[in-house]
Amino acid sequence: MTSEFEDGSNVGAGAEIVAVCGGITAARGMKASGVFAGIRKTKKDVAIIYSEVPAVAAGVYTQNKVKAAPVLVCMDRIGAGQIQAIVVISGNANACTGEPGLRDAYECTEVLAHELGIDPALVAMASTGVIGVRLPMDRVVPGIRDAAHSLSREGGHYAAEAIMTTDTFSKECAVRVRIGGRDVVVGGMAKGSGMIHPNMATMLAFISTDVAIDVGLLRQALGSAVARSFNSITVDGDTSTNDMAVVMANGLAGNEPITGQGEDYERFREALETVCMELAKMIARDGEGATKLVEVVVRNAGTEADARKVAMAIAKSPLVKTAIFGADANWGRIMCAAGYSGAEFDPDRVDIYIGPEKVAEDGMALPFSEVQAKAALLGADVRITVDLKDGCAEAKVWTCDLTFDYVKINASYRS
């Protein structure tokens, strides 16, 4: 049987994967905390994730040429293959702050290492917020100390709250899978609402697991999962300076270590992808000002790359997104976006569906029910399907509608 998350979405494709309560602290040996340090006006703004033992780690980072200081710290620390703790600051990106900003970031890791009694080389850092402003270290340092002394198994939700910026809800999920005769848990949390686009975006994702696995395979599994999840969502086409997705695997499940390709690796990879996918869809659903989660499916493409190009062009089109907000079945905008995507296909063979309603066939209009199409667009979950009839490849991308509130939120982001 398949389990379901609270929002009704299916958990994984395999019968072994089941949803479990919690998020970043669902795995054995994981603790977290989230506190208010005064970096933001009223909300929690310092989070810590901690493993009771050192964990092998992997990360994927923003492809923006401008990388924030914490991203550079993570690339250094996680690049070595092992960490034990991560400190996350919300409300300040610590981006475009030069050498002083980099020193501040490393100091944050040293403060946390001292409080936890571990090697600073085992501490990573992330941050999110306004660009071009140095961290207020007079508030950050006490906040880190407070958070270090607040760590608990129950602190995962507080940590998920503390990493939020314009998010309207915390994003958490966890799954369990049987590997090598042992129950393995993969849990995570994420933040993201605006400035979201593939090659990472203004999103942070942290995943923990108690599986024992080779660090090279962990990196491979994360790369695969990110491609199908966090790099398959778009809100507004912007790619941030601070994005990252990090996974820690502490081995406390006691399974025989995964050291090669095979059934155990595939089960873990699927569980990791399930968590990443659910978190990514939560980010798209919570797009700034959004009222709808939109799934764009492109099927029967000549190649997966072409399917993805078409899906992404449709998903990031402001004209498509505003039409969805207005519940206007303007399929011509969908066809137009497919045409400029750069994908290879024959426009005279394309079929388009809004929900279950077929609105275009072989690249041309056909009679369809405006009432049924509008009903599909008025739902909280909208599906756009484009059939290229050119092969057997498929891609899915998630986005949201573009509303008046998106402009309001971003017109006054610093105030």
Side-chain angles (χ1 to χ4, degrees), residues 62-64 192 194-203 226-240 243 277 280-281 283-285 287-290 292-355 357-365 373 376-377 381-403 406:
T62 179
Q63 295 301 298
N64 194 318
M195 204 179 276
I196 301 293
H197 193 60
N199 295 325
M200 312 305 287
T202 302
M203 57 145 284
V226 165
R228 293 176 176 271
S229 59
F230 300 121
N231 276 355
S232 291
I233 57 174
T234 183
V235 169
D236 48 23
D238 266 318
T239 297
S240 176
D243 313 329
M277 191 83 76
K281 287 160 70 175
I283 290 172
R285 185 181 295 279
E288 288 172 342
K292 303 172 172 95
L293 173 67
V294 182
E295 180 180 68
V296 180
V297 180
V298 176
R299 64 191 189 199
N300 297 321
T303 67
E304 185 175 345
D306 280 336
R308 183 176 172 80
K309 285 178 182 177
V310 172
M312 191 55 67
I314 294 166
K316 71 179 183 181
S317 165
L319 290 177
V320 172
K321 289 156 64 70
T322 49
I324 292 171
F325 171 58
D328 178 12
N330 190 343
W331 63 267
R333 293 181 176 182
I334 297 169
M335 189 70 170
C336 178
Y340 64 62
S341 68
E344 291 294 329
F345 67 94
D346 183 351
D348 293 332
R349 301 185 66 187
V350 176
D351 296 347
I352 298 174
Y353 299 79
I354 295 177
E357 189 72 14
K358 192 174 190 179
V359 295
E361 184 174 65
D362 292 331
M364 296 186 296
L377 291 169
D381 294 82
V382 175
R383 172 181 268 210
I384 303 296
T385 304
V386 177
D387 190 342
L388 299 180
K389 296 188 289 189
D390 193 41
C392 57
E394 181 174 306
K396 291 181 182 179
V397 169
W398 293 272
T399 187
C400 59
D401 54 342
L402 184 58
T403 72
Y406 177 86

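For this chain, numbers begin at 1 and follow the sequence in order. Remember, predicted model here, so these are calculated numbers, not experimental data.
- Residue A337 comes nearest to S317 through the heavy atom pair CB-CB, 4.3 Å, listed as atom of the first residue, atom of the second, then distance.
- Between V382 and A376, the shortest heavy-atom contact is CG2-O, 3.6 Å.
- With rounding to the nearest 0.5 Å, the separation of CE in M277 from CZ in R228 is 7.5 Å.
- Counting heavy atoms from C-beta outward, L377 and D328 have side chains that stay 4.5 Å or more apart.
- Although no hydrogens or angles enter the test, the distance criterion places a donor-acceptor pair under 3.5 Å between the side chain of R349 and the main chain of K389.
- Minimum interatomic distance between E304 and A395 (heavy atoms only, all atoms of both residues): O-CB, 4.5 Å.
- Between the side chain of S232 and the backbone N or O of A227, at least one donor-acceptor pair lies under 3.5 Å.
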Next item on the list: Kindly indicate, with the supporting measurements, whether the criterion side-chain contact (heavy atoms from CB on, under 4.5 Å) is fulfilled by F325 and L402.
Entry: CA-CA 6 Å; F325 171 58; L402 184 58; 5.8 Å; no
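- Side-chain contact between R308 and N231 is present, with at least one heavy-atom pair separated by less than 4.5 Å.
- Nearest heavy atoms, I354 versus A373: CG2-O, 4.0 Å.
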Note to self: Using side-chain contact (heavy atoms from CB on, under 4.5 Å), reason through I283 and W398 one step at a time and then give a plain yes or no.
What the structure shows: CA-CA 9 Å; I283 290 172; W398 293 272; over 6 Å; no
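- With rounding to the nearest 0.5 angstrom, the CG atom of L388 is 9.5 Å from the CD1 atom of I352.
- A284 and I233 make their closest contact through CB-CG2, 4.3 Å (heavy atoms, listed as atom of the first residue, atom of the second, distance).
- Taking every heavy atom of both residues into account, F345 and D390 meet most closely at CA-OD2, 4.2 Å.
- Side chains of D351 and D362 form a contact here, defined as non-hydrogen atoms less than 4.5 Å apart.
- The one candidate from D387, V397, T385, I314 that meets the side chain to side chain contact (heavy atoms under 4.5 Å, CB included) condition with V297 is T385.
- Atom CD of E394 has more than 12 neighbouring heavy atoms from other residues, nucleotides or ligands inside a 6.0 Å radius.
- Here the side chain of D401 pairs a donor or acceptor atom with the backbone of K292 at under 3.5 angstrom.
- From I324, atom CD1 reaches atom OG1 of T399 across 7.5 Å, with rounding to the nearest 0.5 Å.
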Next item on the list: Using the side-chain contact (heavy atoms from CB on, under 4.5 Å) rule, take R333 and T322 through it: C-alpha gap first, then chi angles, then the decisive distance, then the call.
Entry: CA-CA 10 Å; R333 293 181 176 182; T322 49; 3.5 Å; yes
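- Remark: R285 engages D381 in a salt bridge, criterion side-chain N to carboxylate O under 4.0 Å.
- One N or O on the side chain of K321 and one on the backbone of C400 form a donor-acceptor pair closer than 3.5 Å.
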